[in-house]
4 protein chains.
Amino acid sequence: METGRLEAFSDGVLAIIITIMVLDLHAPHDPSFSGLQGVWPVLLGYVLSFVYVGIYWNNHHHMFQATKHVSGGTLWANLHLLFWLSLIPFATSWLGATHFAARPAAIYGVVLLMAAIAYWILQQSILRAPGGNPILASALGRDLKGKISPVFYLVAIPLSFVSRWIACALYVLVAVMWLIPDRRIEEKVISEIDDQSSPKA
Amino acid sequence: METGRLEAFSDGVLAIIITIMVLDLHAPHDPSFSGLQGVWPVLLGYVLSFVYVGIYWNNHHHMFQATKHVSGGTLWANLHLLFWLSLIPFATSWLGATHFAARPAAIYGVVLLMAAIAYWILQQSILRAPGGNPILASALGRDLKGKISPVFYLVAIPLSFVSRWIACALYVLVAVMWLIPDRRIEEKVISEIDDQSSPKA
Amino acid sequence: METGRLEAFSDGVLAIIITIMVLDLHAPHDPSFSGLQGVWPVLLGYVLSFVYVGIYWNNHHHMFQATKHVSGGTLWANLHLLFWLSLIPFATSWLGATHFAARPAAIYGVVLLMAAIAYWILQQSILRAPGGNPILASALGRDLKGKISPVFYLVAIPLSFVSRWIACALYVLVAVMWLIPDRRIEEKVISEIDDQSSPKA
Amino acid sequence: METGRLEAFSDGVLAIIITIMVLDLHAPHDPSFSGLQGVWPVLLGYVLSFVYVGIYWNNHHHMFQATKHVSGGTLWANLHLLFWLSLIPFATSWLGATHFAARPAAIYGVVLLMAAIAYWILQQSILRAPGGNPILASALGRDLKGKISPVFYLVAIPLSFVSRWIACALYVLVAVMWLIPDRRIEEKVISEIDDQSSPKA
């Protein structure tokens with residue numbers, strides 16, 4: 001199966017996930033700036049989650065850039081990823097509504113952890129497709145970021161109960177780590193596609 | 001008419017249907033885990049409905065993979081299907097809000113039944129298009145799953161009033177039945193397309 | 001400019017318009033069927049508006065099927081149409097919340113009227129593009145439905161204050177009129193495209 | 001990387017941004033026209049923001065019409081733009097809920113300013129891509145509108161505290177300035193593409 005519609009559907013779901021979080025920014029009826037006080041924690045949570053969904057969209061985009069066909073199993077692995085990502089608005093909302101309390105911070109980490117695992121499963125299902133996906137495989141290399149992120153979440157979740165700020169700092173750290181341009185897939189894909197299209201020198 | 005825009009529009013509607021159900025997961029202002037108690041039934045209903053919409057997206061995707069052109073009637077058959085699917089968030093919401101009560105469980109079954117009928121009508125409208133759709137027809141075969149599912153719903157609806165849990169178990173059963181990979185269309189389509197493109201050996 | 005992205009954006013907006021109306025179907029916390037009583041007028045309004053948005057999507061789809069390039073003015077004419085269509089959920093919501101009262105019925109008609117005018121402007125902007133659009137022009141023919149519909153709305157709006165049911169009946173009538181398959185564009189487009197691709201016999 | 005999916009995702013987010021503002025138009029339960037009084041300021045704000053998002057969609061559409069490939073940095077510059085645009089519904093909501101009060105008017109200007117800056121960054125990231133983008137560069141020319149708009153916002157923000165109506169008038173003015181058809185890119189792109197495809201006379 002071609003990837004066009006899987007990408008279109010994922011784009012749709014991710015676009016909605018990233019946007020409905022904004023519905024949680026309730027405009028106060030109070031026209032003074034003090035009316036905005038309750039909005040700050042929600043806005044902060046929104047920024048963090050916006051970046052996370054953006055990272056997933058980016059990685060998803062890169063991964064399917066290097067993939068031409070998918071199996072039925074991959075469709076479900078993708079839906080599984082979208083399921084966990086769809087819980088981000090809820091986790092963000094609880095985090096904001098409770099002003100970054102301990103338990104919501106832990107749950108936020110659980111959702112991020114599950115999304116990371118779901119992404120890994122999706123990646124495996126693509127890599128293990130018949131014929132494999134050498135472009136993606138070589139582009140991912142050791143996939144350090146992908147392997148370290150769940151470890152950070154696993155550390156952050158229990159730490160939420162010690163200090164919710166350390167947990168949140170870890171979530172920010174992982175996001176920043178992914179934000180640092182990851183030209184691996186980009187460059188590898190381009191060069192490998194070039195290699196394939198230019199048969200021999 | 002080509003199917004591109006019908007698929008894009010359906011993807012959009014399905015993406016929204018699957019995502020707005022998340023808006024029903026209201027984050028409690030209570031930062032303790034007990035605040036999550038009211039969220040559980042809503043979450044369970046969300047998972048079930050997410051899987052159902054995912055199944056419909058999957059089947060829709062497969063069906064139009066095997067279809068190149070559609071008539072005006074098919075556009076409306078498709079909108080009819082989207083209408084019933086768009087009621088799933090409401091049915092799910094009532095199911096969750098009432099902690100899986102009898103009547104909401106019955107109504108949930110009615111919506112699933114109507115969606116299954118609408119899907120069947122859509123499928124017929126494609127199969128009976130001028131020229132037919134031999135790829136889809138042979139891929140569907142006897143279409144056992146498609147024929148059994150409405151029977152399950154029809155049994156579950158009255159059973160809701162006897163035991164809502166039996167009704168819900170039947171809904172889960174049908175979902176699991178569809179989740180089991182259905183490689184029929186996938187493989188048949190691929191092989192038939194191969195047959196057509198390789199004229200004779 | 002090509003029409004691809006205009007169609008994709010319009011599909012997105014129409015998909016959201018058609019789906020957010022469902023958010024107005026508030027699930028009651030009452031598990032008995034009497035809890036659904038307040039839902040009926042909202043559901044009825046939803047069905048009517050769903051059909052109207054479906055009709056607009058269908059006609060939009062047909063029109064751009066016959067259009068290859070658009071000007072900047074057409075982009076804005078399209079956004080203008082989307083604006084009026086985006087007020088349908090509000091008008092529907094008021095209609096449902098007031099159990100089809102007179103003034104909401106009149107406002108509903110005003111929104112339908114403005115959408116019809118906006119559609120006509122969009123159609124004109126495509127027909128009057130440099131080079132014209134002979135396929136669309138001949139497909140529309142006298143465009144009877146397009147000309148009669150605004151007249152019906154204009155009659156229905158003041159009649160709302162006499163009898164809201166007559167007004168609503170007129171809205172239903174127009175919808176039914178459009179639902180009756182309109183194979184004009186479909187067939188004409190196909191045959192004209194055939195004519196063009198087969199140079200001369 | 002190709003721009004297809006970036007455009008599709010942006011279309012999705014912009015379609016949702018433009019449409020969820022409609023959710024703020026709460027239908028009154030009062031069936032008289034006086035029930036609509038509270039709706040007017042919200043509707044006015046909606047119209048203004050609808051036009052702004054429409055302008056961004058239009059410009060975004062034109063810019064990527066002239067762009068074939070994007071780097072990873074551009075993906076993030078685009079997400080950055082979408083972030084600020086996603087705050088427009090919140091700013092609009094506060095503006096409407098407070099009947100265009102001073103502080104909300106200032107915040108509205110801040111969001112518009114940040115979106116304009118984000119758009120400029122995105123534009124730069126495309127212009128400075130390896131190989132540059134001569135078509136876009138020449139089409140933008142001196143990019144007067146793009147340079148003047150932030151100045152207007154910068155003037156309007158402090159003026160909100162003197163007179164909120166002057167601030168709002170400035171926002172309307174900028175919108176009108178962009179609404180006046182900007183055939184620059186459109187024509188230049190078309191002519192330049194023509195130049196490139198017709199090698200020599």
Side-chain angles (χ1 to χ4, degrees), chain A residues 3-36 39 42-43 46-47 49-66 178-187 189-190 193, chain D residues 1-21 23-24 38 42 45 69-80 82-108 111 130 160-161 164:
Chain A
T3 62
R5 220 179 137 182
L6 180 149
E7 292 177 86
F9 182 71
S10 307
D11 279 354
V13 172
L14 290 174
I16 300 161
I17 290 173
I18 219 169
T19 325
I20 58 172
M21 288 190 288
V22 141
L23 293 175
D24 240 35
L25 291 168
H26 298 295
H29 279 265
D30 178 354
S32 74
F33 280 138
S34 64
L36 286 186
V39 173
V42 182
L43 185 64
Y46 174 53
V47 172
S49 295
F50 187 100
V51 170
Y52 263 109
V53 179
I55 288 166
Y56 272 102
W57 179 75
N58 244 321
N59 291 346
H60 196 271
H61 181 48
H62 281 84
M63 184 156 68
F64 282 93
Q65 193 89 350
W178 282 101
L179 270 176
I180 296 165
D182 186 7
R183 296 176 200 275
R184 289 175 313 162
I185 298 188
E186 207 174 315
E187 282 167 12
V189 168
I190 292 164
I193 289 170
Chain D
M1 249 170 296
E2 311 228 333
T3 62
R5 223 181 135 181
L6 180 149
E7 292 177 86
F9 183 70
S10 307
D11 279 353
V13 173
L14 290 173
I16 300 160
I17 290 173
I18 220 170
T19 325
I20 58 173
M21 288 189 288
L23 293 175
D24 241 35
V42 182
H69 291 87
V70 290
S71 66
T74 302
L75 294 187
W76 277 108
N78 189 57
L79 278 165
H80 179 233
L82 294 179
F83 174 76
W84 288 108
L85 293 177
S86 80
L87 293 184
I88 287 184
F90 168 73
T92 309
S93 184
W94 202 27
L95 205 59
T98 60
H99 291 216
F100 293 81
R103 281 164 193 80
I107 291 291
Y108 192 84
V111 170
S160 303
F161 299 96
R164 53 206 175 119

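Note that the structure is predicted; figures quoted are calculated from it, not measured. In the text below, chain A, chain B and the rest are named by the order of the sequence lines, each starting its count at 1. All values below come from the heavy atoms of this structure, side chains included, with hydrogens, waters and symmetry mates left out.
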**OP:** Can you measure from CG (Leu82(D)) to CH2 (Trp57(A)) and round to the nearest 0.5 angstrom?
**Re:** 8.5 Å
**OP:** Under 4.5 Å heavy-atom distance to chain A, tell me which part of Leu95(D) shows up: side chain, backbone, both or neither.
**Re:** neither
Original post:
Given that the side chain runs from C-beta out, which part of Phe33(A) has a heavy atom under 4.5 Å from chain D: side chain, backbone, both or neither?
Top reply: both
Subject >> Winner by heavy-atom pair count (cut-off under 4.5 Å) against chain A, out of Ala102(D), Gly4(D), Ala91(D), Pro104(D) >> reply: Pro104(D)
**OP:** Considering only heavy atoms, give the residues of residues 6-13 of chain A separated from chain D by less than 4.5 Å, sorted numerically, with 'none' for an empty result.
**Re:** Glu7(A), Ser10(A), Asp11(A)
Original post:
Under a 4.5 Å cut-off applied to non-hydrogen side-chain atoms, are Phe83(D) and Val51(A) in contact?
Top reply: no
Subject >> Taking every non-hydrogen atom, the tightest pair across Phe50(A) and Ser86(D) >> reply: CE1-OG, 4.3 Å
Original post:
If you measure from CG on Leu179(A) to CH2 on Trp76(D), what distance do you get to the nearest 0.5 Å?
Top reply: 4.5 Å
Subject >> Donor-acceptor contact below 3.5 Å, side chain Trp94(D) vs main chain Pro31(A) >> reply: no
Can you give each donor-acceptor pair under 3.5 Å made by side-chain atoms of residues 16-26 of chain A, sequence neighbours left out, with the distance rounded to 0.1 Å?
| unit_1 | atom_1 | unit_2 | atom_2 | d |
| --- | --- | --- | --- | --- |
| Thr19(A) | OG1 | Ala15(A) | O | 2.3 |
| Asp24(A) | OD2 | Ser93(A) | OG | 2.6 |

Subject >> Toward chain D, the part of Val39(A) with a non-hydrogen atom under 4.5 Å >> reply: side chain
